Amino acid sequence: MLAAGKGKRLRSSIPKVLHPVCGRPLLWHVLQTARAARPTKIVIVVGHGADDVREAVASWGITPKPVFVEQAEQLGTGHAVLAAAKAVGRVHDVLVANGDFDPARPEDIRALLRTHRRTDSAATVLTAEMNDPGGYGRVIREGRRLVAIRELADATPQERAIREGATNWAVCRRADLYRALPLVGRDNRQREYYLNDIYPILLGKGSRVSAVMGDTGGMIGANSRRGLASLERLLRTRINAAHMDAGVTLLDPTTTYIDAGVKIGSDTVVLPLTFLEGDTVIGRGCRIGPSTRLVDTRVADAAQVTFSVAEGALIGRGADVGPFARLRPGTVLAARVHVGSYVEIKASSIGRDTKVPHLSYVGDATVGRRANIGAATVTVNYDGYDKHRTVIGDDARIGSDTMLVAPVNVGKGGVTGAGSVITKDVPAGALAVERGEQRTVKGYRRRRDSEHRGS
């Protein structure tokens, strides 16, 4: 995996291979695709941002565990592969790919390897038909046999009309690869050693070089911000198609944004303008959206989330969230919990069949089963220095506009009167009311109206 480049056209301090597409870095996508080859060893050549790349890869749990080789001076793709010679060891075949991801599919990689071995080729290149070949080299072939990769400057008008270009996925016999690389020169505009230059060397020695066409969605690589956006669209289309093939309904795939790695159960319906990100997992028979964002959230079977945002939350079976709710990290909703309009919950567990219908904030709290939290209730969890917890027992009823000043405990079946500021524990089954005594002034309105007219 060639991951040493800087990606100047991205104009970014982030290493090119770590730019995210569909929620995962480019290099992550390359490694996932390469798994189709069942590699016995993974070697990643790093350079620009090497420490950042190492740290990112270590967090992905890739097996076999990658070996890193540092390319101190970036002198091209051929030079990078040559730098990895010792780390590669005595394997028979070497699969090479760029870390910025030419968007081949796993089935393309398997076809590449099958052809390479069936034809006993010294090297086999994965090619693709491009929407805009631009300055990429054109593939000249006779059947599966590669004749040349013609650079644009050297191509005839007929060759320039060819839309087939070489990707940076290639598999080579190790012995042929490392015999050819020292013969590659850098008599080119970039003064670099190009991996593609091994193919004429191998052909000149009478070796067979094969070409296999794959499907990269009409594009190769992502060398600019526009390229990243195009790659995002392509991968999102593939991701959405895979979910629909698995039994998920997407009412409008073009406005549904699902990250790589998100899991969704069958018979779930995802409505438009929904964003499913990170490690989100959604069960069967759910209804998600519209206009909903779930990040690193788990949703159990038959739950519904609409017009809402959840981050790092657990939503139980048959729970109902929204519209316009926000679940912050550490939120755990048990089965059949209802969280309604303009409710925010943070670092709290809500028991089965409990209702938090509207306009409330529940933070750093434990709420039991079958409780009812009245409108505009707030768990006052912060004293200006530390956070404190609120505990609300099973079957409790919290009156509207109650302020629960933590730390405080409302016992099982406890009740608070509307508009109360609760600063002391409420025993089980008790009513706690804290408000000034109401004063009634009869005839007030008539007198005030008369005074106003007289003035």
Side-chain angles (χ1 to χ4, degrees), residues 1-36 42 44-63 66 68 97-106 109 167-169 216-243 250 253-264 270 273-282 288-289 292-298 309-313 329:
M1 302 295 159
L2 309 184
K6 185 175 183 179
K8 296 177 182 178
R9 280 174 282 179
L10 291 173
R11 301 180 182 275
S12 174
S13 60
I14 301 170
K16 182 180 182 182
V17 299
L18 295 185
H19 275 265
V21 171
C22 292
R24 303 284 188 173
L26 289 167
L27 182 58
W28 181 91
H29 289 280
V30 180
L31 288 164
Q32 296 305 311
T33 303
R35 290 175 61 190
I42 296 174
I44 301 177
V45 181
V46 294
H48 177 71
D51 290 341
D52 291 335
V53 175
R54 287 191 187 95
E55 183 178 352
V57 172
S59 71
W60 301 337
I62 301 295
T63 54
F68 293 92
N98 268 16
D100 58 1
F101 196 37
D102 292 337
R105 305 164 304 165
I109 303 308
T167 75
N168 286 308
W169 290 93
T216 64
M219 65 177 298
I220 292 179
N223 296 314
S224 65
R225 301 284 180 167
R226 293 183 184 183
L228 285 173
S230 296
L231 184 57
E232 178 97 25
R233 283 192 296 272
L234 170 63
L235 295 189
R236 178 157 46 87
T237 298
R238 291 179 178 177
I239 289 168
N240 289 356
H243 284 297
L250 307 183
T254 61
T255 59
T256 303
Y257 304 84
I258 304 175
D259 277 359
V262 168
K263 296 179 175 60
I264 309 175
V270 182
L273 293 174
T274 290
F275 299 78
L276 305 178
E277 304 176 25
D279 294 320
T280 292
V281 177
I282 299 171
I288 309 297
T292 291
R293 181 176 182 233
L294 305 182
V295 183
D296 298 331
T297 291
R298 290 182 174 266
V309 175
E311 303 168 79

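Here the structure is a predicted model, which means the values were calculated and not measured.
Put simply, CD1 on Ile239 and CG on Leu250 are 11.5 Å apart, with the number rounded to the nearest 0.5 Å. To the nearest 0.5 Å, the span separating OG1 on Thr292 from CZ on Phe275 amounts to 10.5 Å. Gln32 contributes atom CD, which lies 5.0 Å from atom CD1 of Ile62 (distance to the nearest 0.5 angstrom). In this structure, CZ on Arg54 lies 14.5 Å from OG on Ser59, to the nearest 0.5 angstrom. Distance check: His243 NE2 to Lys263 NZ gives 9.0 Å after rounding to the nearest 0.5 Å. Between the CG atom in Asp100 and the CG atom in Leu27 there is a gap of 9.5 Å [rounded to 0.5 Å].
Formation of a donor-acceptor pair under 3.5 Å by the Asp296 side chain with backbone atoms of Asp279 is found in this model. Within the 3.5 Å criterion, the main-chain N or O of Asn168 finds no donor-acceptor partner in the side chain of Asn98. Counting only distance, with no hydrogens or angles, the side chain of Glu232 and the backbone of Cys22 share a donor-acceptor pair below 3.5 Å. Between the His19 side chain and the Leu228 main chain, no donor and acceptor come within less than 3.5 Å of each other. Judged by distance alone, with hydrogens and angles left aside, the side-chain atoms of Thr280 form a donor-acceptor pair with the main-chain N or O of Thr297 at under 3.5 Å.
Using a 4.5 Å heavy-atom cutoff, the side chains of Ile282 and Leu294 are in contact. By the 4.5 Å heavy-atom criterion applied to side chains, Arg233 and Val21 are not counted as neighbours. A heavy-atom distance below 4.5 Å is found between the side chains of Ile258 and Ile264.
The shortest non-hydrogen separation linking Leu234 to Thr216 is CD2-O, 3.2 Å. The heavy-atom pair separating Arg11 from Arg225 by the smallest distance is O-NH2, 3.6 Å. Among all heavy-atom pairs drawn from Ala97 and Val30, the shortest one is CB-CG1, 4.0 Å. Across every non-hydrogen atom of Ala36 and Ile109, the tightest pair is CB-CB, 4.1 Å. Heavy atoms only, all atoms of each residue included: Pro103 and Leu231 are closest at CB-CD1, 3.6 Å. The nearest pair of heavy atoms linking Thr33 to Ala104 is CG2-O, 3.6 Å.
Sparse packing is recorded around CZ of Arg298, with 12 or fewer heavy atoms of other residues, nucleotides or ligands lying under 6.0 Å away. The neighbour count for Arg35 CZ, taken as heavy atoms of other residues, nucleotides or ligands under 6.0 Å away, does not exceed 12.
Note on ring orientation: taking the six-membered ring where Trp is involved, the planes of Trp169 and Phe101 are perpendicular (angle over 60°, cut-offs 30° and 60°).
In terms of the side chain to side chain contact (heavy atoms under 4.5 Å, CB included) criterion, residue partners of Pro15 (sequence neighbours excluded) are, by chain and number, Leu18, His48, Asp52, Val53.
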